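Letters A, B, ... are given to chains in the order of the sequence lines, protein chains preceding strands, and every chain is numbered from 1. These numbers were taken from a predicted model, which means no experiment stands behind them.
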There are 2 protein chains.
Amino acid sequence: MPARSERLPPVEPAPRDAGHAAKVEALVNEVIGRVADKWTMIVLEVLTEHGELRFTRIGEFAGGISQKMLTQTLRQMERDGLVLRTVHPVIPPRVEYRLTDLGLSLAEAFCGVWLWAEANIERIENARAAFDAAKAG
Amino acid sequence: MPARSERLPPVEPAPRDAGHAAKVEALVNEVIGRVADKWTMIVLEVLTEHGELRFTRIGEFAGGISQKMLTQTLRQMERDGLVLRTVHPVIPPRVEYRLTDLGLSLAEAFCGVWLWAEANIERIENARAAFDAAKAG
DNA sequence: CAGTATCCTTTATGATACTG
DNA sequence: CAGTATCATAAAGGATACTG
């Protein structure tokens, strides 16, 4: 995720608790920017659904992710404390990933979003069709 | 958001309700991929917090977004049926944006994530510091 | 198997200038 | 003000080859 530039700096419309609120919002935005990544969310979903999984299996469940992106996503999530990586020293290597408590709590927080997505797929598709039709006509 | 390639196709570990579950999951992933965009989430947050706003104001609250990305994000959200765009035919132009019911419902679903982010900023930063220290040492 | 390393193409985004 | 258009560049992502 690229760093955000300094154009259009945030303002405080309510001058009273200005500084603090803006700071908190900026930090929250930063954290959301970190986890609101497509593959992070999908891997989170997969590990929530299926529990502890091996590297290749996660890729299969995620659907269409390259090895590179899977490694990268899992490393980031490990670094953020969302997943725990366990290496079993056998040949061939067996590496298993599972959500940490922090990761589980994030998944729980995202649960509402998954349900929303499941419930509103059609509504979005209709809205898009209507928008495109209006633009064309 | 780029289309996902067809490498590592999704599998059905439980052969019983295989086809259906995989299809639903794929659709949900697709929708999540659409809305799990950094600026979409931030604009959603801003409009949730402040209600109806003008173009420039949204940019100010969002913090660090370029005009181009703001336009693009708002158009996408409008197309997805998440925001309503109202043009007041005056000079200078006055264009106001507010969330639709669908947008509000998404914001509600994301509420848990915002709270989570707010609550876990420090935990993530600690995890990162620990991970980096372990890697270095 | 579970990666790492590299190259290369596609996308995303920013900067800038212009317009109704 | 609220955009649009264009250019340039940074970043993301995929394909491929290689390794413990």
task = Could you check how far CG of A:L74 sits from P of C:dA2, rounded to whole Å?
result = 11 Å
ask   = Quick one: is B:R57 getting a side-chain N or O under 4.0 Å of the D:dA2 phosphate, OP1 or OP2?
value = no
query = When B:V43 is tested against each of B:L53, B:L99, B:L74, B:L82 for side chain to side chain contact (heavy atoms under 4.5 Å, CB included), which residue passes?
reply = B:L74
message = For A:R54, give me all partners under side chain to side chain donor-acceptor pair (under 3.5 Å), at least two apart in sequence or on another chain.
response = none
note = With the side chain defined as heavy atoms from C-beta on, A:T56 is closest, among D:dT4, C:dT13, C:dA2, to C:dA2
Length of the line joining B:Q67:CD and D:dA2:P, which is rounded to integer Å = 10 Å
remark   = To the nearest angstrom, the CD1-C1' distance between A:I42 and D:dG13 comes to 14 Å
query = DNA chain D: A:P93 or B:K68, which has the more 5' nearest nucleotide?
reply = B:K68
task = To the nearest Å, give me how far apart CD1 (A:I65) and P (D:dA15) are.
result = 12 Å
query = Using Watson-Crick and G-U wobble pairs whose two distances are both under 3.5 Å, how do you write the pairing of DNA chain C as dot-bracket, with | for links to another strand?
reply = ||||||||||||||||||||
message = Can you tell me how the ring of A:H50 sits relative to the ring of A:F61, calling it parallel under 30°, perpendicular over 60° and tilted otherwise?
response = parallel
inquiry  = What is the distance, to the nearest angstrom, from the CH2 atom on B:W39 to the C1' atom on C:dT13?
reply    = 10 Å
ask   = Do any side-chain nitrogens or oxygens of B:R54 fall under 4.0 Å of OP1 or OP2 in D:dG3?
value = no
key: Short side-chain N/O contact from B:R85 to OP1 or OP2 of D:dG3, under 4.0 Å   = yes
ask   = For A:Q72 and B:R94, take the nucleotide of DNA chain D holding the closest heavy atom to each; which residue's nucleotide lies nearer the 5' end?
value = B:R94
key: Rounded distance (Å) that lies between atom P of D:dA2 and atom CD1 of B:I58   = 9 Å
task = Report the distance from atom CD of A:E96 to atom P of C:dC1, rounded to the nearest whole Å.
result = 14 Å
inquiry  = Is the phosphate of D:dC1 approached by B:Y97 (side-chain N or O, under 4.0 Å from OP1 or OP2)?
reply    = no
inquiry  = Take a 6.0 Å sphere around CG of B:D101 and say whether it holds more than 12 heavy atoms from other residues, nucleotides or ligands.
reply    = no
query = Quick one: A:L70 CG to D:dA12 C1', roughly how many Å, whole number?
reply = 16 Å
remark   = So CD1 of A:I58 and CD1 of A:I42: to nearest 0.5 Å the spacing works out to 13.0 Å
remark   = Taking D:dG3, C:dT4, D:dG13 as options, the one with an atom nearest any side-chain atom of A:M69 is D:dG13
inquiry  = Check the orientation of A:F110 and B:F110. Use parallel for under 30°, tilted for 30 to 60°, and perpendicular for over 60°.
reply    = perpendicular
message = Testing the basics here: between B:A109 and A:G112, what is the closest heavy-atom pair and its distance to 0.1 Å?
response = CB-O, 3.5 Å
